[in-house]
Amino acid sequence: MKLTINPVKKLRGTLSVPGDKSISHRAVMLGALARGITEVDHFLMGEDCLATVACFKAMGVPIEGPVAGRLRVHGVGLQGLREPADVLDAGNSGTTTRLLMGILAGQPFCSVITGDQSLRGRPMARVTGPLAEMGAVFLGRDHNNLLPMAVRGGRLKPIHYQSPVASAQIKSAILLAGLYAEGETSVTEPTRSRDHTERMLQAFGADIRVSGNTVTLKGFPELKGLKITVPGDISSAAFLMVAAAILPGSEVTLQGVGMNPTRDGLLDVLKQMGAGVEIINERQQGGEPVADIKISGGKLQSTKIAGPLIPRLIDEIPVLAVAAAYAEGTTEIRDAAELKVKESNRIATVARELKKFGVDIEELPDGLVIRGGKSLTGTTCQSYGDHRIAMAMAVAGLGAKGQTVIEGAQCIPVSFPGFNDALKLLSVE
Ligand code: S3P
């Protein structure tokens with residue numbers, strides 16, 4: 001599918017973005033492992049989260065919906081999952097796969113997970129390694145690194161894992177396996193990654209504590225179902241925020257966006273680059289901070305993005321590279337080698353596609369250098385099946401001269417169904 005983007009003068013208006021992808025996945029998973037009903041509102045109807053729902057339905061969890069963002073999970077308890085009769089299909093979703101592997105590691109049955117072409121090329125040894133140490137048995141290609149992966153779980157022993165990378169998927173997989181280990185399981189990260197699993201486990205009643213970069217969980221808790229209203233996804237809002245920031249005269253308000261401090265690095269960077277960023281109506285929603293965000297566009301300046309900031313905006317780097325292309329001066333992005341193992345190699349795909357617009361951009365082993373400020377010319381882009389590359393290039397096209405076509409745009413609903421409608425609604429031609 002092709003998405004055609006015509007340049008616009010500016011963006012104006014107010015809207016709310018779809019529910020947070022990370023939180024939606026976790027609501028289904030913990031709802032399934034709890035006792036009682038978990039009611040979820042503003043659930044992300046994106047393909048990734050629908051894959052998670054399908055996997056848990058296949059393991060015998062009664063789930064009503066999702067219909068229009070509402071979902072009711074009838075929790076089966078920690079020991080209530082059933083052996084799936086067929087291969088579990090995680091589609092494009094790394095979060096589904098890695099978190100599910102943590103849960104499957106604790107199940108006394110055999111299961112097989114696979115996914116689409118992109119997912120089958122992504123590294124899984126980062127979770128199968130520590131989960132095997134806990135006692136689970138894996139069988140997969142490339143020394144248990146690549147899907148399809150067979151898992152034979154069972155009773156686990158707790159570990160204290162020192163993760164070489166800041167990754168919420170690694171941390172969450174081990175913590176979820178830790179639910180099935182007698183005693184205390186802990187994970188220490190070099191920098192803290194997103195903490196939605198910790199927050200939600202606590203809300204469901206688990207015994208979990210955080211000290212510095214270490215999270216510790218006690219095995220076999222009593223998890224109780226609850227009501228969850230999922231905040232708007234800051235990673236989806238990011239595309240509209242950057243679009244507003246690069247188009248002078250824009251003013252866009254996004255309502256009910258998740259403001260978790262492990263996720264809001266984009267706001268710091270946009271402020272630093274000179275965009276107007278106003279945070280309004282801050283509130284708490286089911287253990288997560290939420291606010292309305294007003295972005296005003298203007299002339300942007302270059303910046304440096306590196307170090308502990310990286311995990312706080314890892315999924316926003318493709319669209320931040322677009323902001324940098326529109327900013328005056330040289331922007332450097334470092335310490336972001338993790339981008340190479342996302343839905344595409346995002347260092348390579350961002351550089352390749354932005355070059356087509358005439359952007360002066362250089363690839364580094366752990367980031368990008370973007371010499372911004374030159375005008376962009378519309379072009380034909382590839383998505384590489386990566387939703388965030390497709391949307392980032394669509395944003396680049398809004399401020400370019402002439403039309404831009406995004407090929408392979410059918411991946412956008414992986415995380416942001418309604419992206420094009422949202423752009424149209426805000427566009428002033
Ligand atoms: C996610 C964690 C991040 C992020 C992904 C969602 C999660 O991945 O890029 O989109 O929900 O836990 P890593 O854990 O690989 O950094």
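Counting convention: from 1, in listed order, for ligands and their atoms alike. What you see below is based on every heavy atom in this structure, not just the backbone, and it leaves out hydrogens, waters and symmetry mates.
With hydrogens and angles disregarded, no donor-acceptor distance shorter than 3.5 Å links the side chain of D142 to the backbone of N145. Although no hydrogens or angles enter the test, the distance criterion places a donor-acceptor pair under 3.5 Å between the side chain of E83 and the main chain of C110. Looking only at distances, no side-chain donor or acceptor of D292 sits under 3.5 Å from a matching main-chain atom of Q255.
Residue K342 places a heavy atom under 4.0 Å from ligand 1.
Scored by the salt bridge (charged side-chain N to carboxylate O under 4.0 Å, His left out) test, R155 finds E182 as partners (sequence neighbours excluded). Partners of F419 according to the ring-ring contact (aromatic ring centres under 6.0 Å, His included) rule, which considers only residues two or more places apart in sequence or in another chain, are F416.
Geometrically, ligand 1 and E338 share no nitrogen or oxygen pair separated by less than 3.5 Å. Of the polar atoms of A168, at least one N or O is found under 3.5 Å from an N or O of ligand 1, judged by distance alone. Close N/O approach between Q169 and ligand 1 is found [any backbone or side-chain N/O within under 3.5 Å].
Of the heavy atoms in R194, only side-chain atoms (C-beta onward) come closer than 4.0 Å to ligand 1.
Of all protein heavy atoms, the one closest to atom 11 (O) of ligand 1 is S22 OG, 2.7 Å. Nearest non-hydrogen protein atom to atom 12 (O) of ligand 1 is R26 NH2, 2.7 Å.
Distances from atom 5 (C) of ligand 1 to the heavy atoms of D195, I317, D48, D315 show the closest one on D315.
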Checklist entry - Given D233 and K21, is the salt bridge (charged side-chain N to carboxylate O under 4.0 Å, His left out) satisfied, shown in steps? => result CA-CA 7 Å; D233 197 329; K21 182 156 77 69; over 6 Å; no
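Using a 4.0 Å cut-off between charged side-chain N and carboxylate O, E353 and K356 make a salt bridge.
If you number the atoms of ligand 1 from 1 as listed, the ones under 4.0 Å from a heavy atom of T95 come out as 1 (C), 6 (C), 7 (C), 11 (O).
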